[in-house]
Amino acid sequence: GRYYIDPDEEVVRLMEEKKRSADEHQRQLEAYRGKESVTRGGQKVKLFANIGNPSDVEHVLKGDAEGVGLLRSEFLYLGRDSYPTEDELYNAYRKVVEGLQGRRVVIRTLDIGADKQADYFQLDKEENPALGLRGIRNSLRQPHQFETQLCALLRAAARGPLRVMFPMVTDVEDWDAAMHIVEHCRQSLRERGVPFNEKTPFGVMLSVPSACLTAEEFVAHGCDFLVIGTNDLTQYTHAADRELASAERYYRPASPAMKKLIAMVLEAAKAGNVPVTICGLAVGNPVNTVQYLQMGLRSFSVSPQNLLNVNRTSKNGQ
């Protein structure tokens with residue numbers, strides 16, 4: 001985060017030492033490449049990668065991830081002046097599915113709004129967009145565009161193990177409304193005679209405290225899997241903008257409050273026999289990873305560069 005203009009000998013020495021230390025750390029991590037993630041107690045830990053576009057698939061394979069725990073689908077909507085077509089979306093998703101060579105991919109439906117804007121969506125200006133119409137809220141307001149994405153996802157799921165996840169779900173009403181549109185898309189694809197996966201799993205990304213507090217309702221309404229999104233969940237739980245440096249001390253992904261919410265999700269998932277994954281920047285921090293392991297979490301999704309670090313941490317877990 002710092003630039004040194006015409007550094008003196010002492011600064012150069014310190015930077016070279018810092019680089020040697022980083023290189024040694026990476027060398028030690030390489031010892032975990034290709035090794036199964038298992039805790040000291042012999043429990044298997046699943047490691048997935050978070051990616052933003054199809055070109056990141058090579059990093060998933062190099063990092064020995066078991067698949068993609070989060071593909072942010074915004075990459076096909078940003079940087080253009082019109083909505084992508086169903087075929088454009090399908091071909092991009094298919095490329096990811098086929099590129100993963102049988103590994104699982106979880107694709108998050110469009111999370112537009114807040115810090116991710118596209119003029120052609122014609123979104124209303126909001127005073128506090130982080131608390132406004134983003135994620136599934138926007139998708140439900142634009143059902144035609146939502147259907148386009150869902151049809152593409154259902155078609156791509158016929159090419160390999162693909163799961164679909166809804167972001168920014170607040171309550172079970174959001175889930176029910178989204179799944180109603182999913183069923184409409186299934187019927188449309190049947191009538192069109194287009195191949196798709198009838199049994200594509202659907203889940204929710206738990207980014208809002210109210211969703212964690214009522215996690216058992218999603219399970220009761222047919223949710224196939226749960227994903228705890230620590231980035232937004234921490235922000236909304238502590239009322240602390242994760243991009244605001246002055247509020248950094250309030251942004252605590254492993255706080256007692258966060259642990260209570262995570263514990264409630266784990267309890268609901270266990271009762272309903274559905275899998276849970278935790279993802280976000282916090283999961284790549286070894287201190288947080290250890291605490292999540294101690295709580296019983298065994299599925300993690302992190303950025304590709306953090307895969308080996310989490311693997312090493314898991315081997316020192318319980």
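Side chains included, hydrogens not; waters and symmetry mates left out as well; all remaining heavy atoms used. In this text, all values refer to a predicted model and were calculated from it rather than measured experimentally.
In the hydrophobic clustering of this structure, I278 groups with V68; members are Ile, Leu, Val, Met, Phe, Trp, Tyr whose side-chain heavy atoms approach within less than 4.5 Å, directly or through other members. Tracing side-chain contacts under 4.5 Å through hydrophobic residues (I, L, V, M, F, W, Y), one reaches F166 starting from I228; they form part of the same cluster. L47 and V106 fall into different hydrophobic clusters, where Ile, Leu, Val, Met, Phe, Trp and Tyr are joined by side-chain heavy atoms under 4.5 Å apart, directly or via other members. In the hydrophobic clustering of ILVMFWY residues, with side-chain heavy atoms under 4.5 Å counting as a link, V60 and L71 come out together. Both V302 and V96 are assigned to one and the same hydrophobic cluster, defined by single-linkage of ILVMFWY side chains at heavy-atom distances under 4.5 Å.
The side-chain tip of R163 points at the ring of F225 from less than 6.0 angstrom away and within 45° of straight on.
With hydrogens and angles left out, the side-chain atoms of R137 and T170 include a donor and acceptor closer than 3.5 Å. Between the side chains of T109 and Q149, no donor N or O sits under 3.5 Å from an acceptor N or O. E98 and Y93 share no donor-acceptor pair across their side chains, judged by distance under 3.5 Å alone. Side-chain contact, S301 with N50: a donor N or O sits under 3.5 Å from an acceptor N or O. Side chains of R159 and Y90: a donor on one and an acceptor on the other come within 3.5 Å. The closest side-chain donor-acceptor pair between D87 and T85, if any, does not fall under 3.5 angstrom.
Between E16 and R13 there is no salt bridge, since no side-chain nitrogen of the basic residue lies less than 4.0 Å from a carboxylate oxygen of the acidic one. A salt bridge is defined here as a Lys NZ or Arg NE, NH1 or NH2 lying under 4.0 Å from an Asp or Glu carboxylate O, and R134 with D111 meets this definition. Note on E24 versus K19: no salt bridge recorded, every NZ/NE/NH1/NH2 to OD/OE distance being 4.0 Å or above. Salt bridge R190/E183: present, at least one basic N to carboxylate O contact under 4.0 Å.
Taking a 6.0 Å sphere around CD of E198, one finds it holds more than 12 heavy atoms contributed by other residues, nucleotides or ligands. Counting non-hydrogen atoms of other residues, nucleotides and ligands closer than 6.0 Å to CZ of R192 gives a total above 12. Within 6.0 Å of the NZ atom in K44, the count of heavy atoms belonging to other residues, nucleotides or ligands exceeds 12. Counting heavy atoms of neighbouring residues, nucleotides and ligands inside a 6.0 Å radius, atom CD of Q305 exceeds 12 of them. For D8, the CG atom counts as densely surrounded, since its 6.0 Å shell holds more than 12 non-hydrogen atoms of other residues, nucleotides or ligands. The neighbour count for Y250 OH, taken as heavy atoms of other residues, nucleotides or ligands under 6.0 Å away, does not exceed 12. Around the NE2 atom of H180, the shell of radius 6.0 Å holds no more than 12 heavy atoms that belong to other residues, nucleotides or ligands.
The closest side-chain heavy-atom distance from E216 to E267 is not below 4.5 Å. Residues M15 and R2 have side chains not in contact (no heavy-atom distance under 4.5 Å, counting atoms from C-beta outward). With contacts defined as side-chain heavy-atom distances shorter than 4.5 Å, the pair V105/V97 qualifies. Using a 4.5 Å heavy-atom cutoff, the side chains of V45 and L293 are in contact. T234 has its side chain within reach of M258: a pair of non-hydrogen atoms, C-beta onward, lies under 4.5 Å apart. Using a 4.5 Å heavy-atom cutoff, the side chains of L189 and C151 are in contact. Looking only at side-chain heavy atoms (C-beta outward), W175 and M179 come within less than 4.5 Å of each other. Inter-residue side-chain proximity for C279 and F300 is flagged as unmet; no heavy-atom pair is nearer than 4.5 Å.
Taking each heavy atom of L61 and G99 in turn, the nearest pair found is CD1-O, 3.7 Å. Shortest non-hydrogen contact noted between L150 and C185 is CB-SG, 3.8 Å. Minimum heavy-atom separation, R94 to A156: N-CB, 4.0 Å. The nearest pair of heavy atoms linking P275 to D224 is CD-O, 3.4 Å. Smallest separation of non-hydrogen atoms from L233 and P209: CD1-N, 3.7 Å. Across all non-hydrogen atoms, the minimal contact from G280 to T230 is CA-OG1, 3.3 Å.
The distance from atom OG1 of T214 to atom CD of E173, rounded to the nearest 0.5 Å, is 8.5 Å. A distance of 9.0 Å separates CG in L110 from CZ in F146, rounded to the nearest 0.5 Å. To the nearest 0.5 Å, atom CG of residue L154 and atom OG of residue S188 are 10.0 Å apart. Rounded to the nearest 0.5 angstrom, K259 NZ and L266 CG are separated by 12.5 Å. With rounding to the nearest 0.5 angstrom, the CG atom of N231 is 4.5 Å from the CG atom of L281. With rounding to the nearest 0.5 Å, the separation of OH in Y251 from NE2 in H238 is 9.0 Å.
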Between D232 and V208, does a side chain to side chain contact (heavy atoms under 4.5 Å, CB included) hold up when you go through it step by step? CA-CA 7 Å; D232 277 334; V208 183; over 6 Å; no
Quick one: do E86 and L89 satisfy side chain to side chain contact (heavy atoms under 4.5 Å, CB included)? Show the steps, please. CA-CA 5 Å; E86 181 182 315; L89 295 170; 5.7 Å; no
Please step through side chain to side chain contact (heavy atoms under 4.5 Å, CB included) for the pair V169 and M205, ending with a clear verdict. CA-CA 7 Å; V169 174; M205 189 170 204; over 6 Å; no
Trace of the side chain to side chain contact (heavy atoms under 4.5 Å, CB included) decision for T200 with L153: CA-CA 9 Å; T200 302; L153 288 165; over 6 Å; no
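With hydrogens and angles disregarded, no donor-acceptor distance shorter than 3.5 Å links the side chain of N288 to the backbone of V283. No donor-acceptor pair under 3.5 Å is formed between the side chain of N306 and the backbone N or O of N285. Side chain of R103 to backbone of A65: a donor-acceptor contact under 3.5 angstrom is found. No donor-acceptor pair under 3.5 Å is formed between the side chain of R252 and the backbone N or O of A254. In this structure a side-chain-to-backbone donor-acceptor pair under 3.5 Å is missing from Y4 to V12.
In this structure, Y83 has its ring center at least 6.0 angstrom away from the ring center of Y77.
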